[in-house]
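Working notes for the structure below.
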Amino acid sequence: MTSRHVMAALLLCAACGGQPASDAATSDSVAATASIPGPQATLPRAPDRYRVRMETTKGVFVIAVDRALAPQGADRFFELVSNGFFRDVAFYRMVPGFIAQFGMHGTPSVHDQWRDATIPDDPMRTGNVKGTVAFAANGPNSRSTQLFISLEDNRRKLDGQKVFAPIGRVVEGMDVVERLNMEYGEEPNYVRIARQGNPYLARWFPALDYIRSATVMTDPVLAEPAPAKPPTP
């Protein structure tokens, strides 16, 4: 696979954002829009290290994020999780031996709020090995809400492009990630997801797996109290 093909494979699809929601949007979509705020003008600063518990239709996995690896990406992921963005969000692009991708919101109006909320690139400080989590991109400074989990060692395919800086990695439940449904591959259409959201996915790809909830956890290492100092002689 050439670097050109790999980049195309991880595009955020610029055409997705500019389309109005279709008639398939429901009252649930309206409620979701009201409860999920849009991006802040300034990224909130994430903790130096934090964990995110992802509850999915196949079980639970945990992502450990290290802000030192990719500060902008870690801050954006923290913002999205804290806002409840990942409720009922599909793993809509599953490529065996490559990636599991998620992050297009199932409510078109929520997607529209975030589609242009891009963040600057982070330097590559670690490689895209199996289990790492990084933002998808369609060129420099284009990361927004879509992320992928590397299902294999993707360093040779991705690292040279300098836009897929991992923010952390799956530290629990990689077996859950590997059980996510791969049958539809890359069939779900980006533009139709943007226009019609989850109703489109439910109709045409009923066996897709979803993130049901995502919760920020305090990193247990950071949560431990500092050791007591010995008394002064």
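No hydrogens, no waters, no symmetry mates; every other heavy atom, side chains included, goes into these values.
Nearest heavy atoms, Ile36 versus Arg87: CG1-NH2, 3.8 Å. When all heavy atoms are compared, the tightest approach of Ala165 to Pro123 is CB-O, 3.8 Å. Closest approach of Val65 to Ile167, counting heavy atoms only: CG1-O, 3.3 Å. Between Ala214 and Phe86, the shortest heavy-atom distance links the atoms CB-CB, 4.0 Å. Counting all heavy atoms, side chain and backbone alike, Val170 lies closest to Met174 at CG1-N, 3.8 Å.
Between the side chains of Thr145 and Arg76, no donor N or O sits under 3.5 Å from an acceptor N or O.
Using a cutoff of 4.0 Å between basic side-chain nitrogens and carboxylate oxygens, Glu186 and Arg93 are scored as salt-bridged. Note on Arg143 versus Asp122: salt bridge recorded, some NZ/NE/NH1/NH2 to OD/OE distance being below 4.0 Å. A salt bridge links Asp75 to Arg67: at least one charged side-chain nitrogen sits closer than 4.0 Å to a carboxylate oxygen.
Remark: aromatic rings of Trp114 and Phe85 are close, center separation under 6.0 Å. In this structure, Tyr210 has its ring center at least 6.0 angstrom away from the ring center of Phe102. Checked against the 6.0 Å centroid criterion, the rings of Phe135 and Phe148 do not qualify as a close aromatic pair.
Connection of Val60 to Met217 is not established within any shared hydrophobic cluster, with ILVMFWY side chains joined at heavy-atom distances below 4.5 Å, either directly or through further cluster members. In this structure, Val81 is a member of the same hydrophobic cluster as Val176, with clusters built from ILVMFWY side-chain heavy atoms closer than 4.5 Å.
With a 6.0 Å radius and a threshold of 12 heavy atoms from other residues, nucleotides or ligands, Arg45 has its CZ atom above the threshold. Heavy atoms from other residues, nucleotides or ligands lying under 6.0 Å from CZ of Arg155 number 12 at most.
Under a 4.5 Å side-chain heavy-atom criterion applied to ILVMFWY residues, the cluster that includes Leu43 comprises Ile119 as well.
Remark: Asp209 pairs with Lys58 by the salt bridge (Lys or Arg N to Asp or Glu O under 4.0 Å) rule, at least two apart or across chains. With sequence neighbours excluded, the residues satisfying salt bridge (Lys or Arg N to Asp or Glu O under 4.0 Å) with Glu178 are Lys130.
Looking at heavy atoms from C-beta onward, Asn181 lies out of side-chain contact with Phe205 at the 4.5 angstrom threshold.
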